[in-house]
Amino acid sequence: MIATGITDYIKGFPVSTSKSLDLLAGWYHFSEIIAKYPNPKRSRVPVNPEDPALIQFTGGTTGIPKGAVLTHANVWRVQSRSRWGNPTITLTPHEKTQCHGHNALLPCIRNLVVMNWAVFSCATQIQVPASI
């Protein structure tokens with residue numbers, strides 16, 4: 001596990017350490033890991049569209065909790081949806097762009113289409129309760 005202090009990246013505050021955070025054995029401090037590997041060059045990792053990108057926890061249609069694995073292709077669809085609407089979305093300033101989401105949608109769709117699209121497009125999210 002990796003941890004850091006909330007004030008580590010705020011100017012004027014001292015940077016915490018593993019010792020000051022009293023981390024348990026097996027835990028590492030983020031700043032100490034970064035300092036240990038100063039080479040900023042990142043290795044290129046091949047990623048295929050069918051490779052897992054994230055696990056979205058959901059009750060699905062059964063209500064039984066489970067982790068749904070979303071692929072890079074699933075996440076890429078957010079960008080493709082944004083490009084699909086690009087000819088018209090640029091006509092609306094970011095501060096007026098809105099994304100309406102219905103809470104009854106399946107969590108995976110809500111994550112990808114509503115939340116991530118809104119973040120990607122700098123839009124305001126409006127979540128509508130399921131009872132409306």
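In this chain, residues are counted from 1 in sequence order.
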Chemist: Of all the heavy-atom pairs spanning S16 and G5, show the shortest one and how long it is.
Modeler: OG-N, 3.5 Å
Chemist: Under the rule for side-chain hydrogen bond (donor to acceptor under 3.5 Å, both in side chains), what residues qualify as partners of T4, not counting sequence neighbours?
Modeler: D8
Chemist: Check the hydrophobic clustering (I, L, V, M, F, W, Y; side-chain heavy atoms under 4.5 Å; chains of links allowed) and say if L21 and I2 are grouped together.
Modeler: no
Chemist: Determine whether L24 and M1 fall in the same hydrophobic cluster, where Ile, Leu, Val, Met, Phe, Trp and Tyr are linked whenever their side-chain heavy atoms lie under 4.5 Å apart.
Modeler: yes
Chemist: Test of understanding: with side-chain contact (heavy atoms from CB on, under 4.5 Å), list the residues that count as partners of N48, not counting sequence neighbours.
Modeler: E50, D51
Chemist: Going by side-chain contact (heavy atoms from CB on, under 4.5 Å), name the residues that satisfy it together with I34, two or more places apart in sequence or in a different chain.
Modeler: F30
Chemist: Rounded to the nearest 0.5 Å, how far apart are CG of L23 and CD of E32?
Modeler: 8.0 Å
Chemist: For residues P49 and T71, report the shortest heavy-atom separation together with the two atoms involved.
Modeler: O-CB, 3.3 Å
